[in-house]
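Taking it in order: structure first as structure tokens, then the write-up.
Nothing here was measured: the structure is a model prediction, and the numbers come from that model. Just the heavy atoms: all of them, side chains too, but no hydrogens, waters or symmetry mates, feed the values below. Numbers here simply count residues along the sequence, with the first being 1.
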Amino acid sequence: MPESRTKSLFRYIGTIIGIPLGLFLVVELAAWLISPDRYKNPPAVTVDAWIHSDALSGGDTVRLKEFVEEFCQSYTARW
């Protein structure tokens with residue numbers, strides 16, 4: 001009896017992990033097939049892009065511009 005319980009528990013865990021993982025892989029594969037070059041040329045990180053971004057509030061643009069300029073000079077990314 002405990003052996004069948006263990007077997008059903010492993011089957012349940014495999015289903016819970018397998019279905020989302022399979023869906024994720026299908027979505028990523030479809031996205032890659034639709035647009036394979038989407039990650040080749042990422043947009044440049046510039047001061048203007050940060051200042052005009054919706055993610056940042058532009059209350060103090062002078063300090064924000066200084067911060068972003070310093071960040072852009074020190075930040076390097078390799079994709």
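The salt bridge (Lys or Arg N to Asp or Glu O under 4.0 Å) contacts involving residues 13-31 comprise Glu28-Arg38, where partners must be two or more places apart or lie in separate chains.
Between Leu25 atom CG and Leu21 atom CG the span is 4.5 Å, to the nearest 0.5 Å. A distance of 9.5 Å separates CD1 in Ile13 from OG in Ser8, rounded to the nearest 0.5 Å.
For Ile16, the side chain to side chain contact (heavy atoms under 4.5 Å, CB included) partners at least two apart in sequence or on another chain are Tyr12.
The hydrophobic cluster containing Trp32 also includes Leu29, Leu33, under a criterion of side-chain heavy atoms closer than 4.5 Å among ILVMFWY residues, counted directly or through chains of members.
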